[in-house]
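Notes to accompany the following structure.
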Amino acid sequence: MAEPLLEIKGLETHFFTDRGRVPAVDGVDIQIRKGEVLGIVGESGCGKSVMSLSVMGLIPQPPGKIVSGSIEFKNQNLASLSENRMQQIRGNEIAMIFQEPMTSLNPVFTSGNQIVETVRLHRKIGKKEARAHTIEMLRKVGIPRPEAVVDQYPHQLSGGMRQRVMIAMAMSCDPELLIADEPTTALDVTIQAQILDLMKQLNRDSGTAIMMITHDLGVVSEICDRIVVMYAGKVVEEGDKRSILKNPQHPYTKGLIQSVPDMSSKQERLYSIPGTVPSPRALPQGCRFAPRCEYVMEKCHQEMPSLMAIDADHRSRCWLHMPEEEA
Ligand code: SF4
């Protein structure tokens, strides 16, 4: 088994607002191994994006703050590094791509220029060499006529092409970890499949580990090795992809899987988990999924369960797994 590349331990990221403290990430432990593709799954508001921004050191401070825990990456705690040091790591050792490339690409610079600048920021190479590297990266991510696209502005490219440019930019310094936050959500299904194929290929060719943040279980089943399911700021289930998708244990994960449309079934109405994710301002006592759970018991309202081992690489946070004699 590959050694861990990133280890998040007891991470708590809170926001301090006029209406009180908001614990968006509340005691999260996540590990990603070298070369692994890890899927972080959950509905909007479950804390997955705040967790990834915490890793990148991009939490707006104030109002946000990492109040506790550590983010170990290559023997250093990212949560305690200076902004200068984080700038050296961002884009170079850890890169990130977002759902909407237009929020990351600067509309007044050509696509190529933005990659050239990223490369030159982290590597001591001349403009000519950086441009040649940029064209090579654009070619690698499947952009046709990269010699022409390098001089085009983001608005001259389609959504799929812009996302490829973002991936080329993210991969241009050969990072060890790529964090992808809903990278295919804004794309239509055929382009989505091409981008996922491209990410799989880059992972295979360069050994870059990928943390894939998504609400889409289709994306997870396509590309990931392991899955972490988050709910209301907590990890509720984690394990090997096959084990989680074939044998989900937590009622929330079961609900997410049941909500995926099944083309072979004659079912007329799609299943959806009743209710919504609770506001981090008003979290229920005990298990945070209790108000939506069909298996809820009295104990669930009183005490939050810890993650319990289902097997060697599968854990779930639910009182239903408590051995009867202990319960
Ligand atoms: Fe449902 Fe209780 Fe398990 Fe929470 S602990 S998921 S409420 S059964």
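Heavy atoms only: backbone and side chains are in, while hydrogens, waters and symmetry mates are out. One-based numbering, in listed order, for ligands and for the atoms of each.
Side-chain contact between Arg226 and Asp313 is present, with at least one heavy-atom pair separated by less than 4.5 Å. Gln249 places none of its side-chain heavy atoms less than 4.5 Å from the side chain of Arg315.
Contact annotation: Cys300 places no N, O or S atom under 2.8 Å from atom 1 (Fe) of ligand 1. In summary, an N, O or S atom of Cys318 is located under 2.8 Å from atom 3 (Fe) of ligand 1.
Protein heavy atom nearest atom 1 (Fe) of ligand 1, with residue, atom name and distance: Cys293 SG, 2.3 Å. Ranking protein heavy atoms by distance to atom 5 (S) of ligand 1, first place goes to Trp319 N, 3.3 Å.
Comparing Gly286, Gly255, Cys287 against atom 4 (Fe) of ligand 1, the shortest heavy-atom distance belongs to Cys287.
A side-chain donor-acceptor contact under 3.5 Å links Ser80 to the backbone of Asn77.
Contact annotation for His250 and ligand 1: only side-chain heavy atoms (C-beta onward) come within less than 4.0 Å of the ligand.
The one candidate from Arg317, His314, His250 that meets the side-chain hydrogen bond (donor to acceptor under 3.5 Å, both in side chains) condition with Glu237 is His314.
Salt bridge annotation for Asp151-Arg131: present, with a cationic side-chain nitrogen under 4.0 angstrom from a carboxylate oxygen.
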